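Residue numbers begin at 1 in each chain, while the letters A, B, ... track the order of the sequences. Bear in mind that the values here come from a model prediction, so they are computed numbers and not experimental data. Heavy atoms only: backbone and side chains are in, while hydrogens, waters and symmetry mates are out.
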Protein chains: 2
Amino acid sequence: MASADSRATEPRDTAPRGGELRWDIIELLFFAYRDFVGDADQELEAFGFGRAHHRVMHFVTRYPGLKVADLLDVLRITKQSLGRVLKQLLDEGYIVQKTGSNDRRQRLLFATPKGEALVTKLATLQTTRIDRALAGIDPSGTETVRRFLRAMIDRDDPDKVLETIFKNASAKE
Amino acid sequence: MASADSRATEPRDTAPRGGELRWDIIELLFFAYRDFVGDADQELEAFGFGRAHHRVMHFVTRYPGLKVADLLDVLRITKQSLGRVLKQLLDEGYIVQKTGSNDRRQRLLFATPKGEALVTKLATLQTTRIDRALAGIDPSGTETVRRFLRAMIDRDDPDKVLETIFKNASAKE
DNA sequence: AATTTATGTCAGCCATGTTGACGTTTCTAC
DNA sequence: GTAGAAACGTCAACATGGCTGACATAAATT
């Protein structure tokens with residue numbers, strides 16, 4: 001093995017054949033998302049839950065009556081993976097299911113007050129971070145951030161939740 | 001179990017005690033990041049690598065000469081977790097290590113051309129998505145997005161890489 | 001010379017993703 | 001009315017990538 005100097009580590013642009021690569025934004029997304037989800041992790045630990053539980057709880061709380069199949073589309077995991085965490089959340093009373101009245105095969109999912117309280121708590125933590133990040137950015141800048149994030153999302157084959165998000169977004173413009 | 005209607009699933013704002021919660025941005029971050037990392041996942045599969053390998057390769061390529069300890073700070077994982085993927089990357093010739101010339105205990109990490117090529121390929125995919133998202137956003141809007149993402153990141157106890165990122169950012173302003 | 005630091009490694013556990021197979025209930029189509 | 005498809009649940013096995021704890025070695029520091 002050769003030996004090398006251990007001095008400062010300046011970022012290096014690897015040959016940008018064609019257009020420039022967005023190294024900066026790629027890395028900012030990594031760190032921003034890491035700290036963003038980190039907010040919730042600490043709280044979740046106290047409940048014996050993980051990120052998987054949070055994701056399920058979040059979408060069920062926000063979109064009451066979501067079907068199991070919808071949730072699978074949103075989370076893009078298998079029903080076996082979902083089943084594992086969903087069972088715990090049902091058993092521990094964070095979520096309840098009701099049989100669909102049109103189609104009695106469906107299990108519609110609803111958060112209990114207990115579940116809602118947890119999701120709200122976690123969303124509050126994350127909102128604090130977002131508000132801090134948006135302090136000093138004016139309303140039009142905030143809308144720019146939203147537009148950027150929306151445009152980062154695949155629009156082919158949107159699931160039920162994404163449809164709602166995009167629909168509400170275009171309604172506001 | 002009760003039964004319920006399976007009609008449209010409108011997002012519901014749970015009681016916003018105090019300030020409004022940023023449900024929209026919370027969800028946009030989830031979906032944007034999901035699709036952003038999804039770009040790389042497909043390519044990685046062809047190499048038999050996972051996201052963990054990508055993160056290591058990325059930072060070693062971008063910050064040549066990074067020490068193992070630096071990488072642990074950046075990724076916030078244990079040395080055992082890092083060791084597992086790092087060993088594979090060394091064995092398969094994507095990364096080489098050189099003994100530090102100041103401190104011979106250190107192992108400074110460098111990407112090989114093969115490693116660089118892979119990282120560049122993955123960054124190109126992600127850049128395509130970012131460019132698409134920024135199309136129709138003017139340069140000042142792009143800077144707003146960068147400012148937002150930077151402000152989302154914890155600034156207490158920044159690691160070596162984050163220091164560099166923040167330093168370069170403030171230099172530009 | 002003793003201790004601390006940087007790194008590597010073994011062993012095992014946990015969370016959460018995967019595939020494949022199979023069963024039940026309920027709806028839909030013929 | 002019966003056959004098939006759809007929505008959901010579940011069992012078993014496996015992979016990835018986190019984790020802790022323990023221990024080893026080489027090189028720097030005191």
Side-chain angles (χ1 to χ4, degrees), chain A residues 1 3-4 6 30 34 37-38 40-42 44-57 60 65-92 95-109 159-160, chain B residues 1 3-4 6 34 37-38 40-42 44-45 47-58 60 65-91 95-109 159-160:
Chain A
M1 181 170 54
S3 99
S6 81
F30 169 77
R34 181 192 67 175
V37 297
D41 284 347
Q42 321 219 318
L44 287 163
E45 214 173 336
F47 290 81
F49 290 150
R51 292 183 188 177
H53 301 87
H54 184 194
R55 290 193 286 266
V56 171
M57 283 296 316
V60 168
L66 215 52
K67 291 182 296 176
V68 170
D70 294 332
L71 207 40
L72 292 176
D73 286 344
V74 171
L75 302 178
R76 295 212 188 142
I77 58 177
T78 57
K79 63 177 173 178
Q80 293 91 331
S81 288
L82 174 59
R84 201 155 30 195
V85 299
L86 187 52
K87 194 173 188 320
Q88 295 177 59
L89 293 170
L90 289 165
D91 288 349
E92 302 186 30
I95 286 179
V96 290
Q97 37 182 214
K98 301 186 183 175
T99 298
S101 54
N102 304 341
D103 185 335
R104 295 179 45 81
R105 292 171 302 179
Q106 299 172 347
R107 297 298 135 87
L108 311 184
L109 303 172
D159 52 62
K160 197 173 173 183
Chain B
M1 182 171 53
S3 99
S6 80
R34 180 191 68 175
V37 298
D41 284 349
Q42 320 220 316
L44 286 162
E45 213 173 337
F47 290 80
F49 290 150
R51 290 182 187 177
H53 301 86
H54 183 193
R55 291 193 285 266
V56 171
M57 283 296 316
H58 175 95
V60 169
L66 215 53
K67 292 183 297 176
V68 169
D70 294 332
L71 207 40
L72 291 176
D73 286 343
V74 172
L75 301 179
R76 295 212 189 140
I77 58 177
T78 58
K79 63 176 174 177
Q80 295 90 331
S81 288
L82 175 59
R84 203 154 32 191
V85 300
L86 187 53
K87 195 174 189 317
Q88 295 177 57
L89 293 170
L90 289 166
D91 287 350
I95 285 179
V96 290
Q97 35 182 213
K98 302 185 183 178
T99 298
S101 53
N102 304 340
D103 185 335
R104 294 179 46 79
R105 290 172 304 181
Q106 297 172 348
R107 295 300 135 85
L108 310 184
L109 304 171
D159 54 60
K160 198 173 173 183

Euclidean distance, L109(A) CG relative to M57(A) CE, rounded to 0.5 Å: 10.5 Å
CZ on R51(A) to CG on L44(A), rounded to 0.5 Å: 9.0 Å
So which nucleotide from [options] ends up closest to the side chain of [X]?
| X | options | answer |
| --- | --- | --- |
| V85(A) | dG8(C), dT16(C), dT9(C) | dT16(C) |
| V68(B) | dA28(D), dG9(D), dT7(C) | dT7(C) |
| K79(B) | dT9(C), dT18(C), dG17(D) | dT9(C) |
| H53(B) | dC19(D), dG8(C), dG17(D) | dG17(D) |
| R104(B) | dA27(D), dG9(D), dT9(C) | dA27(D) |

Which residue lies more 5' along DNA chain C, comparing G48(A) with R76(A) via nearest heavy atoms: G48(A)
Residue whose closest nucleotide on DNA chain C lies nearer the 5' end, R84(B) versus L90(B): L90(B)
K79(B) and V68(B), any side-chain heavy atoms less than 4.5 Å apart: no
Could you give the [atom1]-to-[atom2] distance, from [X] to [N], as a whole number of Å?
| X | N | atom1 | atom2 | answer |
| --- | --- | --- | --- | --- |
| L82(B) | dT9(C) | CG | C1' | 13 Å |
| L89(B) | dT16(D) | CG | P | 14 Å |
| R51(A) | dC14(C) | CZ | C1' | 15 Å |
| R55(B) | dG18(D) | CZ | C1' | 10 Å |
| D103(A) | dC8(D) | CG | C1' | 11 Å |
| L71(B) | dG17(D) | CG | P | 15 Å |
| D41(B) | dA15(D) | CG | C1' | 15 Å |
| R107(B) | dT25(D) | CZ | P | 14 Å |

Compare side-chain N and O positions of [X] against OP1 and OP2 of [N] and report whether any pair is under 4.0 Å apart.
| X | N | value |
| --- | --- | --- |
| T78(B) | dG18(D) | no |
| S81(B) | dC19(D) | yes |
| Q97(A) | dG9(D) | yes |

For D70(B), the option from R107(B), K160(B), R76(B) that meets salt bridge (charged side-chain N to carboxylate O under 4.0 Å, His left out): K160(B)
Donor-acceptor pair (no angle test) under 3.5 Å: R105(A) side chain, dA6(D) base: yes
Sugar-phosphate, base or nothing in reach of G50(A), heavy atoms under 4.0 Å: sugar-phosphate
H54(B) and H58(B) aromatic ring geometry - parallel, tilted or perpendicular at 30°/60° bounds: perpendicular
Residue met sooner reading DNA chain D from 5', once Q88(B) and Q80(B) are mapped to nucleotides: Q88(B)
Test log, rule side chain to side chain contact (heavy atoms under 4.5 Å, CB included), inputs K67(A) and L108(A): CA-CA 5 Å; K67(A) 291 182 296 176; L108(A) 311 184; 3.4 Å; yes
